[in-house]
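Numbering of ligands and ligand atoms starts at 1, following listing order.
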Amino acid sequence: MPSLVWGCVGPHESTIQVQTVVSTLVQFSKLVSDSTTSEGIFSLLAQTVVENCGAFHSVVFGTSDRGDFAVLSSYGGCDEKALSRLDLDEVYSLAELRTAVMKVCGDWGYSFRVFPLICEAKLFGALVVLYSDSHPRTDKQWILIEGLTELTAISLNKTYQHQKLQKAFDDLRISQDALVRTEKFRALGQMSAGIAHDLKNLLSPLMLSTDLIRDAAGKRDEVLQLSERMDRILTRGLETVERLRDFSRQSPEEVEAVPTDLNSMVQEAVEISKPRLGKIKLVPELGTPPVIRIRPADCVAAIVNLLFNAVDALEGKGTITVLTGASDGGGWVEVADDGPGMAPEIRSRILEPFFTTKGDSGTGLGLSIVYAFTQRHGGRLEIQSEPGHGARFKMWFPAIQEQTAEEPSQSSRHPG
Ligand SMILES: Nc1ncnc2c1ncn2[C@@H]1O[C@H](COP(=O)(O)OP(=O)(O)O)[C@@H](O)[C@H]1O
Ligand SMILES: [Mg+2]
């Protein structure tokens with residue numbers, strides 16, 4: 001990039017041949033296209049006009065967004081003091097610029113011409129070329145200066161368009177960031193709603209248990225049994241609240257997954273669900289699933305979700321079967337009911353968060369929680385249902401590879 005040099009270059013007197021015009025333009029356009037900033041382009045123009053076109057001095061003016069003019073680059077034989085007399089206050093058009101330059105040109109003892117820097121109807125500024133009357137410029141020299149000015153304007157327009165595109169891109173990135181943040185908040189909202197949902201599932205039966213305790217006052221064994229059950233439910237409730245802390249941790253290694261016996265999970269979930277059964281029959285058909293690595297609180301919550309859905313579907317009468325077993329190198333638990341089942345259009349949407357057919361009494365989160373739970377632990381959720389033929393929800397999880405080395409913790413802590 002050429003630097004500004006004051007008063008060091010004199011007029012170039014030789015006649016410019018067409019060849020020189022072309023080669024200057026080509027060289028200039030190469031230099032300009034290498035220049036990445038508008039400032040670089042302005043000073044290149046000022047310097048080339050003096051050094052290659054025999055001007056005495058050249059000044060490049062730029063226009064701001066408000067339309068006023070400012071000196072951006074200056075090159076040639078004028079000294080800085082002479083240039084400082086140029087008054088650009090209230091100069092907002094090419095005509096006003098011409099008048100302002102004319103006012104001081106007499107002092108300088110030079111004639112001048114103004115070349116606007118215009119491309120696609122956008123004015124980027126102007127080039128003012130000072131020359132001595134005693135050394136008039138040839139037509140070819142003026143043509144060359146015109147060509148340089150046009151090339152400069154094209155290049156400035158390119159830079160301007162590039163900046164506009166860059167700004168549009170930056171704006172887009174900012175709005176994308178905002179969108180991601182909104183998504184995170186949405187996920188946070190979903191998680192809070194999910195936890196509230198699970199806590200409600202746990203706490204409502206607890207309230208029924210306190211009623212039972214009151215009724216059983218005096219019967220020591222029953223009270224002990226009930227308080228033990230409440231203790232277990234409360235433990236699960238606390239673990240559910242713990243999930244808030246797991247929000248940023250997603251893999252099974254990070255969410256305190258432990259070797260777990262599915263049958264004991266079923267027994268806990270059944271116990272929690274019992275108060276809601278009413279006349280509905282609940283039949284456990286427990287097989288011998290292998291030990292799997294999951295988070296017990298989440299597993300109990302998932303089975304409770306499936307049981308409550310079955311209870312809702314049965315509307316007070318029917319049978320729920322809870323099955324466990326081993327298949328495909330893993331263990332599974334299934335909740336089946338002989339209720340109304342689901343139409344295909346409902347079936348296709350039930351995993352969507354907030355999809356519910358229960359109006360205000362549903363949250364539409366139960367099954368999305370169950371699905372997320374199976375995914376988090378490398379398992380899967382299989383759903384079978386036909387209208388009029390009940391529904392079956394089966395959670396499958398891979399078995400722990402070296403089972404012998406690990407004891408399932410949950411069954412020993414809460415024997416069924
Ligand atoms: N066992 C079932 N039988 C029939 N439909 C069911 C069953 N389980 C779930 N569904 C359907 O799936 C929907 C979504 O269930 P879920 O995500 O648990 O939310 P919610 O129970 O709050 O509605 C339910 O509203 C219901 O339409
Ligand atoms: Mg539900």
Is Arg232 salt-bridged to Glu228, going by a charged N under 4.0 Å from an acidic O? yes
Is any side-chain N of the basic residue among Asp337 and Arg392 closer than 4.0 Å to the acidic one's carboxylate O? no
Indicate yes or no: at least one non-hydrogen side-chain atom of [X] is less than 4.5 angstrom from one of [Y].
| X | Y | answer |
| --- | --- | --- |
| Ile118 | Thr149 | no |
| Trp332 | Glu334 | yes |
| Val60 | Leu117 | yes |
| Phe355 | Ile346 | yes |
| Ser273 | Ile320 | no |
| Glu382 | Arg380 | yes |
| Glu90 | Asp68 | no |

Enter the distance from Ile350:CD1 to Leu367:CG here, rounded to the nearest 0.5 Å.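 Taking CD1 in Ile350 and CG in Leu367, the distance rounds to 5.0 Å.
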Quick check on contacts: which atoms of ligand 1 are under 4.0 angstrom from a heavy atom of [X]?
| X | value |
| --- | --- |
| Leu367 | 9 (C), 12 (O), 15 (O), 16 (P), 17 (O), 18 (O) |
| Thr363 | 22 (O) |
| Ala313 | 2 (C), 3 (N), 4 (C) |
| Gly341 | 4 (C) |
| Gly362 | 22 (O) |

For atom 26 (C) of ligand 1, the option (of Thr357, Leu365, Leu306) bearing the nearest heavy atom: Thr357
Which residue holds the protein heavy atom closest to [atom], what is that atom called, and what is the gap in Å?
| atom | answer |
| --- | --- |
| atom 23 (O) of ligand 1 | Thr356 OG1, 2.6 Å |
| atom 19 (O) of ligand 1 | Gly364 CA, 3.2 Å |
| atom 5 (N) of ligand 1 | Met342 CG, 3.3 Å |
| atom 9 (C) of ligand 1 | Asn309 ND2, 3.5 Å |
| atom 14 (C) of ligand 1 | Phe355 O, 3.4 Å |
| atom 11 (C) of ligand 1 | Ile350 CG2, 3.7 Å |

Within 45° of the ring axis of Tyr160 and under 6.0 Å from its six-membered ring centre, is that where the NZ or CZ of Lys158 lies?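 Output no; distance or angle outside limits.
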Could you tell me whether Arg276 sits above the aromatic face of Phe308, with NZ or CZ closer than 6.0 angstrom to the six-membered ring centre and within 45 degrees of the axis?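 Cation-pi check for Arg276 and Phe308: passes.
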Is the ring centre of Phe124 less than 6.0 Å from the ring centre of Phe61?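 When the ring centroids of Phe124 and Phe61 are compared, they turn out to be at least 6.0 Å apart.
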So for ligand 1, is Lys358 a polar contact partner (N or O within less than 3.5 Å, distance only)?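 Lys358 vs ligand 1: N/O contact under 3.5 Å present.
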Flag Asp337 as yes when one of its N or O atoms lies below 3.5 Å from any N or O atom of ligand 1, and as no otherwise. yes
Suppose the cut-off is 2.8 Å; which protein N/O/S atoms would you list for the Mg ion (ligand 2)?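 Those protein N, O or S atoms (cut-off: under 2.8 Å from the Mg ion (ligand 2)) are Asn309 OD1.
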Please state which part of Phe308 comes within less than 4.0 Å of ligand 1, counting heavy atoms only: side chain, backbone, both or neither.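 Answer for Phe308: neither.
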